[in-house]
Every structure is written in structure tokens, then in C-alpha cells.
Amino acid sequence: MQDFLLTNKTILITGASSGIGKATAILASQMGANVVIHGRDIEKLNQTFSELNINGKHQIIQADLSKVDELMDFVKQCPSLDGVVHCAGIVKPVPAKFIQPKHIEEMFSINYNAVVLINSYLLQQKKINNDASIVLISTISTQHSYFGGALYISSKGALEAYARSLGLEVVNRRIRVNTISPAMVHTEIYENTLKSTLNEEHARKYASTYPLGIGEPKDIANSIVFLLSSASK
């Protein structure tokens with residue numbers, strides 16, 4: 001049982017102001033972790049912070065990860081870490097024929113570039129401990145495409161390829177790297193995606209293909225926390 005706990009581990013979670021990131025932060029704190037939560041919206045971050053286990057030594061870091069100077073300062077504020085969870089991300093459907101350079105830059109700067117640079121700077125500054133766990137969030141859409149999803153799916157596909165290489169490069173320090181690819185989960189991103197790509201009738205029809213129903217953020221948080229624990233090694 002002890003292997004499933006996160007007692008005295010320090011865990012960084014990006015995108016912790018809502019959705020999967022928020023659920024992961026709350027659950028990790030309940031499992032004994034000291035949680036470092038990141039986001040852009042300080043009000044939402046404060047709300048997440050108020051729901052963390054009061055016994056932990058938790059920390060808030062506000063930053064816009066699309067801006068390299070803020071990203072570098074963000075990493076400097078991080079303590080030594082036993083786990084990193086990359087939940088920050090955006091979904092903005094754009095049909096392929098309308099894609100412009102600004103769309104590519106916006107999508108990749110958050111979904112891919114920020115993840116790569118955060119890991120790079122953390123490793124350079126020796127802030128990821130031996131036996132740590134790094135968890136990246138991809139999507140089942142890399143295998144099941146949808147209209148308007150070219151950029152989002154591409155950014156996550158690149159993330160999956162990156163994770164495999166990262167895992168090889170840190171294995172000598174027994175650092176584990178895993179990617180989780182959720183299907184549909186009830187989050188703000190889920191709601192916005194449905195509004196952009198499906199009408200209400202199609203949304204109900206799509207949801208009916210999930211025998212156990214659309215997932216909840218805690219469903220994914222459970223998997224993430226397992227991968228953060230020593231039980232997953």
C-alpha cells in the first residue's frame with residue numbers, strides 16, 4: 001500500500017487551474033504530496049490551492065508558458081521535484097485549409113514547445129530528482145482524428161514521439177517518462193471542442209458510444225497519480 005502513496009514527494013503540475021490538472025493536484029495532495037501548481041489564471045489557481053490537503057507544503061507559480069522569459073522564470077521558482085505532470089494545453093479546432101502561421105505558433109507553443117523547454121531547463125538545473133516520474137498528457141485523437149483537429153493532433157503526436165526519446169535519455173537516473181492518452185473527458189476543453197465541432201444531436205450520439213459514459217477529470221488523475229507513485233516503476 002505504501003508504494004501507492006506520494007508521501008513527502010514534491011510534484012509539479014502545470015495547467016492546475018482546471019480540469020485534469022486541478023483534479024490531479026487535489027488527488028496528489030490527498031496522497032501525501034507537496035504540490036507545486038501552475039496556471040495563468042491566479043483566481044482559479046487560488047481556488048485549486050484552497051482544495052489541496054492542508055497538511056502539505058504547497059506552492060503556486062503563475063506564468064504564461066507561451067512566453068519564454070516567463071517560462072524560464074517559472075522553472076527558476078521550482079524546487080527539487082520527484083514528479084512533473086504536464087497538463088497545460090489548448091484545443092482550438094481549425095480546418096486544414098484555413099491554418100495560418102499564427103495558429104501553428106499558438107498551438108505548438110503551449111502543447112509542445114513549453115513541455116520540451118520546461119523539461120530541458122529542469123534537467124539542466126538539476127531540479128528533477130533520481131527515481132522521479134514525468135507524465136505527459138496526449139490524446140486518443142492521435143489515433144482517431146476529427147474535423148478541424150489537424151494542429152491539436154499534430155502537437156500531441158509530436159509530444160508522444162518526444163516522450164519516447166526523453167525516456168531513453170533519463171533512464172540512467174531511473175526517471176520514468178509516460179504519456180497518457182485520454183478519450184473524451186468532462187472539462188472546459190471538452191465543452192469548447194464540442195461547441196466548435198459538433199452540434200447537440202451529434203454530441204449526444206458520440207457520447208452514447210462510450211459504454212461507461214464520458215470520463216471525469218478524476219478518472220485521469222487516478223492514472224496520473226499511479227504513474228507518479230513508486231508502485232508504477
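Below, all heavy atoms of this structure are taken into account, side chains as well, without hydrogens, waters or symmetry copies.
Of the possible polar contacts, none joining the Asn113 side chain to the Ile110 backbone as a donor-acceptor pair under 3.5 Å is found. When atom types are taken as modelled, the side chain of His38 and the backbone of Ile61 share no donor-acceptor pair closer than 3.5 angstrom. A donor-acceptor distance shorter than 3.5 angstrom exists from the side chain of Ser154 to the backbone of Ala150, with no hydrogens or angles considered. A distance-only check finds no donor-acceptor pair linking the side chain of Ser17 to the backbone of Asp41 [under 3.5 Å]. Listed for the Thr14 side chain is a donor-acceptor partner under 3.5 Å among the backbone atoms of Cys87. The closest donor-acceptor contact from the side chain of His58 to the backbone of Val35 lies under 3.5 Å. At distances below 3.5 Å, at least one donor-acceptor pair connects side-chain atoms of Glu70 with backbone N or O atoms of Asp64. Asp219 places no side-chain N or O within 3.5 Å of a backbone atom of Gly215 that could act as its donor or acceptor partner. In this structure a side-chain-to-backbone donor-acceptor pair under 3.5 Å is present from Ser29 to Asn53. The closest donor-acceptor contact from the side chain of Asp82 to the backbone of Thr10 lies under 3.5 Å.
Side chains of Asn111 and Ser155: a donor-acceptor N/O pair is present below 3.5 angstrom, by distance only. With no hydrogens or angles considered, a side-chain donor-acceptor pair links Gln47 and Glu51 at under 3.5 Å.
For Lys127, the NZ atom counts as densely surrounded, since its 6.0 Å shell holds more than 12 non-hydrogen atoms of other residues, nucleotides or ligands.
Among residues at least two apart or in separate chains, side chain to side chain donor-acceptor pair (under 3.5 Å) pairs with a member in residues 88-105 are Lys92-Glu106. Screening residues 161-180 for side chain to side chain donor-acceptor pair (under 3.5 Å) gives Asn119-Tyr162, Asn130-Arg173, Asp131-Arg174, Arg176-Ser232 as the qualifying pairs, with residues at least two apart or on separate chains.
For Pro101, there are no side chain to side chain contact (heavy atoms under 4.5 Å, CB included) partners at least two apart in sequence or on another chain.
Under the side chain to side chain donor-acceptor pair (under 3.5 Å) rule, Ser138 has a single partner from Glu160, His86, Lys156, which is Glu160.
Of the inter-residue distances, the one linking Ser223 atom OG with Leu27 atom CG reads 10.5 Å to the nearest 0.5 angstrom.
In the hydrophobic cluster analysis, where Ile, Leu, Val, Met, Phe, Trp and Tyr join through side-chain heavy atoms closer than 4.5 angstrom, Tyr112 is grouped together with Val68.
Using a 4.5 Å heavy-atom cutoff, the side chains of Lys9 and Leu228 are not in contact. Looking at Lys67 and Leu71, their side chains never come closer than 4.5 Å, going by heavy atoms from C-beta outward. Within the 4.5 Å cutoff, the side chain of Ile60 has heavy atoms near those of the Ile42 side chain. Side-chain contact between Ile134 and Ile175 is present, with at least one heavy-atom pair separated by less than 4.5 Å.
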